[in-house]
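First up is the structure itself, then whatever we jot down about it.
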Amino acid sequence: MSGNQKQQTAITPTREENYAEWYQQVVRAGDLAENSPVRGCMVIKPWGYALWENVQRVLDGMFKATGHRNAYFPLFIPLSFLEKEAAHVDGFAKECAVVTHHRLKAGPDGKLIPDGELDEPLIVRPTSETIIGATFAKWVQSYRDLPLLINQWANVVRWEMRTRLFLRTAEFLWQEGHTAHATQEEAVDETMKMLRVYADFAENWMAMPVIQGRKTDSERFPGAVDTYCIEAMMQDRKALQAGTSHFLGQNFAKASEIQFLDADGQQKFAWTTSWGVSTRLIGAMIMTHSDDDGLMVPPRLAPTHVVILPVMHKPETAQQVLDYCRKLAEDLRAQHFAGRAIEVEVDARDLRGGDKMWQWVKKGVPLRIEVGPRDIEQGAVFMARRDRGAKDKQAMPRDQFVQGCAALLQEIQDGMFARAAAFREQHTRRIDTKAEFEAFFTPKRAGDENQPAEIHGGFALAHFCGDAAVEAEVKDRLGVTIRCIPLDAPEEQGTCVITGRPSSRRVVWGKSY
RNA sequence: CGGGGUGUAGCUCAGCUUGGCUAGAGCGCUUGCUUCGGGAGCAAGAGGCCGCAGGUUCGAAUCCUGUCACCCCGACCA
């Protein structure tokens with residue numbers, strides 16, 4: 001062992017030491033993504049993209065099962081489309097990438113300069129309500145054309161000032177559902193149905209507990225009547241909005257003239273919804289589950305469930321070990337978990353064992369199996385779980401492992417959810433006084449006041465009088481916002497934690513991403 | 001767009017204040033030996049127009065001017 005102190009964790013700094021930097025290092029160590037030459041845009045690497053593909057696969061199945069069909073709309077949107085809905089313009093105008101030319105020509109110094117100015121500039125979609133609305137207007141003529149249930153998988157661009165891999169990038173991948181309905185009731189039902197789909201996905205696939213709720217007016221999607229969301233608590237106790245579902249009323253239908261002739265012979269505007277989740281979910285997954293040894297992938301979304309590490313440093317047994325591992329992989333692949341064959345990788349790369357093992361730890365693969373000559377003699381495997389310590393390994397009979405693998409994966413999945421739920425529970429507090437509320441969100445500076453804001457706070461369940469000015473003041477002063485008004489919040493008479501005015505329901509307050 | 005900062009090897013950086021041998025370190029990479037149910041040791045090696053363009057000078061990574069890019073702190077945000 002070297003003179004340097006042995007590294008205690010695979011990731012430095014730890015979450016406690018510097019949470020933001022820890023996050024960056026987990027992304028890097030997990031080989032998920034990296035920054036690109038284009039400011040604010042990321043390169044998603046194979047392991048990170050495989051996670052996204054699993055998110056896509058599962059969600060796409062859920063969308064299809066609820067009657068939606070995929071389609072694809074243009075990346076470019078005529079500038080005039082954005083102008084059609086006033087609130088929508090306000091919300092997005094400041095972060096639009098604009099295309100003004102369609103050609104390049106060589107300048108005098110050999111540099112390329114834009115040429116061929118467009119009559120009407122195009123914006124790169126920050127979201128597609130307007131272009132899809134214009135299309136729906138053509139598709140919808142009669143009540144028989146409704147409901148129209150469309151989803152698209154796409155990239156969008158929002159020219160953000162500050163970006164962080166997966167959490168906020170200038171370009172990101174997402175899905176956006178857009179639906180049109182004959183009645184308000186139907187559209188509201190759709191909005192809520194898709195919110196539940198997201199909550200189901202977050203909890204049962206990502207192992208991430210979420211609060212379903214409605215946004216206050218100030219946090220609402222530009223142009224929507226109501227915005228609903230799922231909010232999750234990250235390990236720094238900040239809230240992350242992981243998905244949104246909007247009831248758009250007739251706002252966009254009127255802006256885009258989505259009209260139909262109803263059964264009663266009346267010409268009516270449709271009622272529309274939109275809903276989306278993005279690659280931000282990968283960021284949510286990272287910050288919900290990872291530890292100071294790196295990523296921990298929920299088994300049901302893992303690109304690889306089991307990695308087999310052959311111990312082959314003795315040439316005379318190497319082939320035998322490799323054969324045993326390949327056969328083991330084959331037997332495992334015949335098993336099923338969460339609707340697909342168990343994914344197994346035999347890592348026979350010519351690397352030293354420790355390096356290899358730590359790479360997989362940092363990528364968060366749920367199960368690692370080490371197989372050497374000794375195990376083969378005993379018909380055993382040496383098994384390590386990602387949700388336990390990296391050195392915590394146990395020998396078990398090979399066949400028992402194969403038979404029990406799927407159950408073990410589900411056990412890990414359940415354990416991850418339980419751990420995240422307990423964490424959220426631990427940092428959620430019912431608060432009734434202004435003093436306690438402010439103390440909850442004011443970082444205690446232990447000793448060193450130069451220290452960046454340490455991890456503190458969480459979710460405060462407190463009454464709110466509904467005054468947007470109060471909400472703005474709290475945001476300004478404490479950096480705390482109302483994450484949502486929980487759908488399951490019971491009626492409860494109380495007084496606003498800030499103003500003392502009467503309130504009938506607690507809302508969720510927190511700092512957010 | 002306001003305030004601050006940085007550009008030197010694949011990565012993280014030292015060197016610059018006070019100009020001067022062949023531009024350095026750690027990690028990573030390649031090769032060999034020894035280790036190895038564990039992120040090992042020793043040795044050798046590859047890799048740089050010192051962001052770019054001018055200028056001052058016998059001589060510039062270092063000083064001057066310009067320029068470009070990026071980072072951090074604010075306002076905005078899935």
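Each chain gets a letter, A, B and so on, in the order its sequence line appears, and its residues count up from 1. Model, not experiment: these values are computed from the prediction.
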Could you check which of [options] has an atom nearest any side-chain atom of [X]?
{"X": "A:F172", "options": "B:rG37, B:rA78, B:rG39", "answer": "B:rA78"}
{"X": "A:P373", "options": "B:rU35, B:rA78, B:rG37", "answer": "B:rG37"}
{"X": "A:R374", "options": "B:rA78, B:rC11, B:rG37", "answer": "B:rG37"}
{"X": "A:R28", "options": "B:rC11, B:rA78, B:rG39", "answer": "B:rC11"}
{"X": "A:D355", "options": "B:rA40, B:rG37, B:rA78", "answer": "B:rA40"}
{"X": "A:T169", "options": "B:rA78, B:rA40, B:rG39", "answer": "B:rA78"}

Which value, in whole Å, describes the distance between the [atom1] atoms of nucleotides [N] and [M]?
{"N": "B:rA53", "M": "B:rC68", "atom1": "P", "answer": "15 Å"}
{"N": "B:rG48", "M": "B:rG10", "atom1": "P", "answer": "8 Å"}
{"N": "B:rG59", "M": "B:rC21", "atom1": "P", "answer": "14 Å"}
{"N": "B:rA61", "M": "B:rC50", "atom1": "C1'", "answer": "4 Å"}
{"N": "B:rG20", "M": "B:rA25", "atom1": "C1'", "answer": "22 Å"}
{"N": "B:rA9", "M": "B:rG45", "atom1": "C1'", "answer": "14 Å"}
{"N": "B:rG2", "M": "B:rA46", "atom1": "C1'", "answer": "47 Å"}

- Query: Taking the nucleotide of RNA chain B with the closest heavy atom to each, which residue, A:S512 or A:L351, is nearer the 5' end?
  - Reply: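 Final value for this comparison: A:L351.
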- Hey, which sits more toward the 5' end of RNA chain B by its nearest nucleotide, A:K314 or A:Q241?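 Nearer the 5' end of the strand: A:K314.
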- Task: Would you tell me if any nitrogen or oxygen in the side chain of A:H313 comes within less than 4.0 Å of OP1 or OP2 on B:rG37?
- Result: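 For B:rG37, OP1 or OP2 has a side-chain N or O of A:H313 closer than 4.0 Å.
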What contact category does [X] fall into here, base, sugar-phosphate, or nothing, at under 4.0 angstrom with non-hydrogen atoms?
{"X": "A:K393", "result": "base"}
{"X": "A:L240", "result": "nothing"}
{"X": "A:S278", "result": "base"}
{"X": "A:Y513", "result": "nothing"}
{"X": "A:K362", "result": "base"}

Who pairs with [N] - Watson-Crick or G-U, where each distance is under 3.5 Å:
{"N": "B:rA14", "answer": "none"}
{"N": "B:rA44", "answer": "B:rU30"}
{"N": "B:rU6", "answer": "B:rA69"}
{"N": "B:rU56", "answer": "none"}
{"N": "B:rC50", "answer": "none"}

- Item | Point-to-point distance, once rounded to the nearest 0.5 Å, from OG1 of A:T273 to NE2 of A:H246 |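 If I round to the nearest 0.5 Å, the distance is 9.5 Å.
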- Item | Spacing of A:W358 atom CH2 and A:K362 atom NZ [to the nearest 0.5 Å] | 8.5 Å
- Query: Within 45° of the axis and under 6.0 Å from the centre of the six-membered ring of A:W47, does NZ or CZ of A:K45 qualify?
  - Reply: no
- Query: Can you tell me how far P of B:rA78 sits from CD of A:E95, to the nearest Å?
  - Reply: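 After rounding, the gap between these two atoms is 7 Å.
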- Message: Under 3.5 Å, is there a donor on one side chain and an acceptor on the other for A:S512 and A:Q241?
- Response: no
- Is it the case that A:Q175 and A:H68 place a side-chain donor and acceptor less than 3.5 Å from each other?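 Judged by distance alone, the side chains do not pair up.
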- Task: I would like to know whether A:D355 and A:Q359 meet side-chain hydrogen bond (donor to acceptor under 3.5 Å, both in side chains); could you show each step before the answer?
- Result: CA-CA 6 Å; A:D355 287 340; A:Q359 284 182 15; over 6 Å; no
